[in-house]
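Here the structure is laid out as structure tokens; the discussion comes afterwards.
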Amino acid sequence: MLRLIVNRWLLLLGALLLFVVVWFIPLPNVGASGTHAFTLDMRQFEFTPGRIEVQQGDQVTITLTSSDVVHGFYLDGYALNQRVEPGISRQITFTADQAGKFRYRCAVSCGALHPFMIGELVVNSNFPFWRALVLLGVSLISTLVYLYSGANQA
Ligand code: CUA
């Protein structure tokens, strides 16, 4: 009887400890940060693909090509700028360390609709979701075990 009570307290203490540890794990470099390679083609007046999605912390390599005239690739938030002539591919590599949505736009005047030559980089922050999921799991399991051990004891 006494042992069971001690076990339950230990269990609660363990759950609490795990909770605190998960809560305070430092943000960066948690979870596997991968490498992603994309080819991004530019033509009047669009990017293909028009949307790129990566995870925060990923190393991203983009091979830039142009199918018609000279374009430029400018990425908001990361201050990347690369001029691309037709027939010559260019590579840029960066670490997607900022989460959010960032426009990429053409940086070389390439025709009438040049201002509308826009795409979007989405950098997903996986951390808050991951942390919430683990915390939920810890709470749920410890509650279940607590209730179960309580039922056993009665
Ligand atoms: Cu393409 Cu300006």
Side-chain angles (χ1 to χ4, degrees), residues 10-149:
L10 275 180
L11 182 78
L12 277 181
L13 202 68
L16 197 70
L17 205 69
L18 194 56
F19 207 92
V20 169
V21 165
V22 169
W23 189 260
F24 285 106
I25 283 175
L27 292 192
N29 302 327
V30 175
S33 45
T35 57
H36 284 287
F38 299 94
T39 298
L40 195 69
D41 185 61
M42 295 181 257
R43 68 171 66 223
Q44 290 166 320
F45 296 94
E46 59 179 4
F47 292 95
T48 308
R51 184 184 149 103
I52 290 178
E53 204 169 329
V54 299
Q55 292 296 120
Q56 189 176 15
D58 283 351
Q59 178 165 313
V60 182
T61 297
I62 302 177
T63 302
L64 299 161
T65 59
S66 168
S67 296
D68 44 25
V69 299
V70 177
H71 297 279
F73 177 85
Y74 178 80
L75 180 58
D76 279 355
Y78 285 85
L80 290 168
N81 199 349
Q82 179 64 58
R83 181 186 168 91
V84 183
E85 286 98 16
I88 305 170
S89 66
R90 304 278 179 185
Q91 252 187 13
I92 53 170
T93 297
F94 62 98
T95 303
D97 49 7
Q98 309 171 68
K101 291 182 177 180
F102 304 93
R103 289 268 178 87
Y104 45 85
R105 58 183 85 237
C106 184
V108 172
S109 189
C110 56
L113 297 179
H114 156 74
F116 302 101
M117 192 169 159
I118 289 171
E120 186 179 54
L121 169 75
V122 179
V123 182
N124 291 312
S125 168
N126 51 3
F127 196 79
F129 180 69
W130 174 86
R131 176 150 68 182
L133 211 64
V134 170
L135 291 182
L136 186 70
V138 169
S139 315
L140 209 66
I141 289 169
S142 55
T143 304
L144 283 178
V145 172
Y146 184 80
L147 289 177
Y148 179 74
S149 67

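Order of listing sets the numbers, starting from 1, for every ligand and every atom in it. Predicted model, so just to flag it, every value in this text is computed and none were measured.
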Could you enumerate the protein N, O or S atoms under 2.8 Å from atom 1 (Cu) of ligand 1, written like residue then atom name?
His71 ND1, Cys106 SG, Cys110 SG, Met117 SD
Do the non-hydrogen side-chain atoms of Gln82 and Gln91 ever get within less than 4.5 Å of each other?
no
Would you call the rings of Phe73 and Phe47 parallel, tilted or perpendicular if under 30° counts as parallel and over 60° as perpendicular?
perpendicular
So, do Ser89 and Leu64 sit near enough that their side-chain heavy atoms are less than 4.5 Å apart?
no
Within-4.5 Å side-chain heavy-atom neighbours: Cys110 and Met117:
yes
Check the pair Arg83, Arg90 against side-chain contact (heavy atoms from CB on, under 4.5 Å), reporting the backbone distance first and the verdict last.
CA-CA 8 Å; Arg83 181 186 168 91; Arg90 304 278 179 185; over 6 Å; no
Checking side-chain contact (heavy atoms from CB on, under 4.5 Å) between Ile52 and each of Leu75, Val123, Val122, Ile62, which is the one that passes?
Ile62
